[in-house]
Amino acid sequence: DGIRDIGVTGVQTCALPISGRIAAHLAYHRGRLHLHGIAGLSNAVAEAFGRREGFLCLKHLETLPASHARLLATHKGPLFLGNVELDESAAEFLGQHEGSLSLTVQDDIGILGLEAILQHAGPLTFAGLETIDERRAHALANQPVRHGVAGLSALFLDDVDEISPQIAAILATHQAGGLSLKGLWDLTEDTAQELVRHPMLCLDGVSSISDGVAKILGRYEGATLSLKGLRTVSDSGLSKLRENPAIPPTPAPPRSHHPQSTTSDTRGSAAMDPQCKTQEGKHLRQCADPGSHDPPHKAPQNRTRTTPTP
């Protein structure tokens with residue numbers, strides 16, 4: 001009963017068994033609720049959490065049958081699920097959830113399950129999805145707009161570390177909101193030429209770009225383009241980026257003892273001020289902000305994936 005107090009902003013349990021009665025009390029809490037010790041739900045627990053509003057983390061949930069997914073789908077607010085086993089029916093119910101949804105999927109997830117989850121009208125994070133073929137790309141690009149307004153949703157695909165220009169061209173047609181590809185560390189001119197067509201783009205994993213790529217990015221005409229992980233760019237390339245108001249401001253690069261040096265730390269602690277006028281700008285800025293939620297920078301010799309923590 002104490003968690004109903006308005007002064008309690010968060011509750012976390014690590015190994016506490018949850019009964020339906022306890023879940024009914026927890027459902028009254030509107031702050032952040034972390035239940036990391038739960039591997040499975042009963043009908044009563046799923047029903048109680050389905051009546052709840054507010055952040056809910058069930059990151060160690062192992063299975064979610066369709067009957068429980070149907071009850072949990074009525075939860076309103078951010079829902080964080082870990083590497084949970086889903087069938088197509090459960091995925092379809094999760095696609096009806098209202099609020100942001102984050103879950104870890106297997107890279108071999110079936111296309112029908114993926115399409116079902118993508119009916120979710122809100123910010124959607126897919127951890128574990130590492131490869132994108134044309135069919136997946138079309139499904140991702142067709143994420144529905146929220147309340148019929150483009151730009152209010154988001155798609156986070158931060159475990160994808162490589163895409164072809166053909167896949168980039170398909171993803172660029174995504175209109176539901178921001179598109180985050182923070183796992184990309186290498187950007188070719190052909191891929192950049194396609195991605196810049198997306199109106200709200202996050203490429204924070206890219207650390208180095210050529211003058212050709214900088215020229216392409218400098219012509220970006222969308223609302224916001226985040227390159228917060230950029231570390232190496234020539235002076236001429238930096239100038240092209242700084243001329244574009246959709247790209248966050250960049251401090252002047254430090255000068256080395258070699259006048260012709262083109263390597264500089266271009267981002268540092270620069271404040272990010274995207275020109276986005278929609279609500280989704282907040283989600284994209286959160287995705288670009290440094291901190292515990294950022295995946296480690298990926299270098300060519302190390303492509304280790306990480307599962308995001310809420």
Side-chain angles (χ1 to χ4, degrees), residues 100 102 123-127 140-141 143 150-163 168 171-189 191-210 213-233 237-253 264-299 306 308:
S100 62
S102 176
L124 185 57
T125 299
F126 280 116
L140 293 165
Q143 180 189 20
L152 297 184
S153 192
L155 187 60
F156 298 83
L157 305 172
D158 294 336
D159 279 347
V160 177
D161 61 8
E162 184 178 4
I163 58 174
L171 292 178
T173 64
H174 172 260
Q175 296 293 320
L179 174 64
S180 175
L181 293 167
K182 293 171 70 175
L184 294 182
W185 51 267
D186 185 31
L187 195 60
T188 66
E189 292 186 23
T191 299
Q193 189 69 58
E194 300 297 341
L195 285 179
V196 293
R197 294 164 45 217
H198 192 280
M200 300 174 65
L201 189 61
C202 177
L203 300 174
D204 284 352
V206 175
S207 63
S208 176
I209 59 174
S210 66
V213 170
K215 183 177 181 180
I216 294 170
L217 297 181
R219 296 197 297 262
Y220 181 73
E221 297 180 354
T224 179
L225 169 60
S226 178
L227 295 166
K228 208 161 189 177
L230 191 60
R231 294 291 180 268
T232 305
V233 60
L238 178 63
S239 177
K240 293 182 177 65
L241 296 178
R242 295 178 70 180
E243 291 174 358
N244 192 325
I247 302 176
T250 306
S264 61
D265 183 347
T266 66
R267 292 289 165 178
S269 59
M272 184 177 182
D273 184 24
Q275 303 300 310
C276 178
K277 301 300 182 183
T278 68
Q279 174 184 342
E280 182 43 36
K282 297 179 181 179
H283 297 295
L284 204 56
R285 287 197 294 274
Q286 290 171 357
C287 146
D289 282 344
S292 60
H293 297 280
D294 284 352
H297 171 64
K298 296 182 180 179
T306 58

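Residue numbers count from 1 along this sequence.
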Next item on the list: Given side chain to side chain contact (heavy atoms under 4.5 Å, CB included), test L195 with L181 step by step and report yes or no.
Entry: CA-CA 10 Å; L195 285 179; L181 293 167; 4.0 Å; yes
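Residues that satisfy the side-chain contact (heavy atoms from CB on, under 4.5 Å) test with A214, not counting sequence neighbours, are I209. Every residue two or more places apart in sequence or in another chain was checked for a side-chain hydrogen bond (donor to acceptor under 3.5 Å, both in side chains) with Q193, and none qualifies. Take S208 and apply the side-chain contact (heavy atoms from CB on, under 4.5 Å) test, not counting sequence neighbours, and it matches T232. Checked against side-chain contact (heavy atoms from CB on, under 4.5 Å), S239 has the following partners two or more places apart in sequence or in another chain: E243. Partners of R197 by side-chain hydrogen bond (donor to acceptor under 3.5 Å, both in side chains), not counting sequence neighbours, listed by chain and number: E194.
Using a 4.5 Å cut-off on side-chain heavy atoms (C-beta onward), T125 and D158 make no contact. Between I216 and E189 there is a side-chain heavy-atom pair separated by less than 4.5 Å. Using a 4.5 Å heavy-atom cutoff, the side chains of L225 and N244 are not in contact. Looking only at side-chain heavy atoms (C-beta outward), L230 and L241 come within less than 4.5 Å of each other. Here the side chains of F126 and D159 are not in contact, with every heavy-atom distance at 4.5 Å or above.
The nearest pair of heavy atoms linking W185 to D161 is NE1-O, 4.0 Å. Of all heavy-atom pairs between V213 and T188, the closest is CG2-C, 3.9 Å. Across all non-hydrogen atoms, the minimal contact from S226 to P248 is CA-CD, 4.3 Å. Among all heavy-atom pairs drawn from P123 and S153, the shortest one is N-OG, 3.5 Å. Taking all atoms of both residues into account, the shortest heavy-atom contact from H198 to H174 is NE2-ND1, 3.0 Å. In terms of heavy-atom proximity, L201 sits nearest to Y220 at N-OH, 3.8 Å.
Once rounded to the nearest 0.5 Å, the distance linking SG of C202 with CG of L155 reads 12.0 Å. Atom-to-atom distance recorded for S180:OG and L124:CG is 12.0 Å, nearest 0.5 angstrom.
Across L157, D204, I163, a single residue satisfies side chain to side chain contact (heavy atoms under 4.5 Å, CB included) together with L184, and that is I163.
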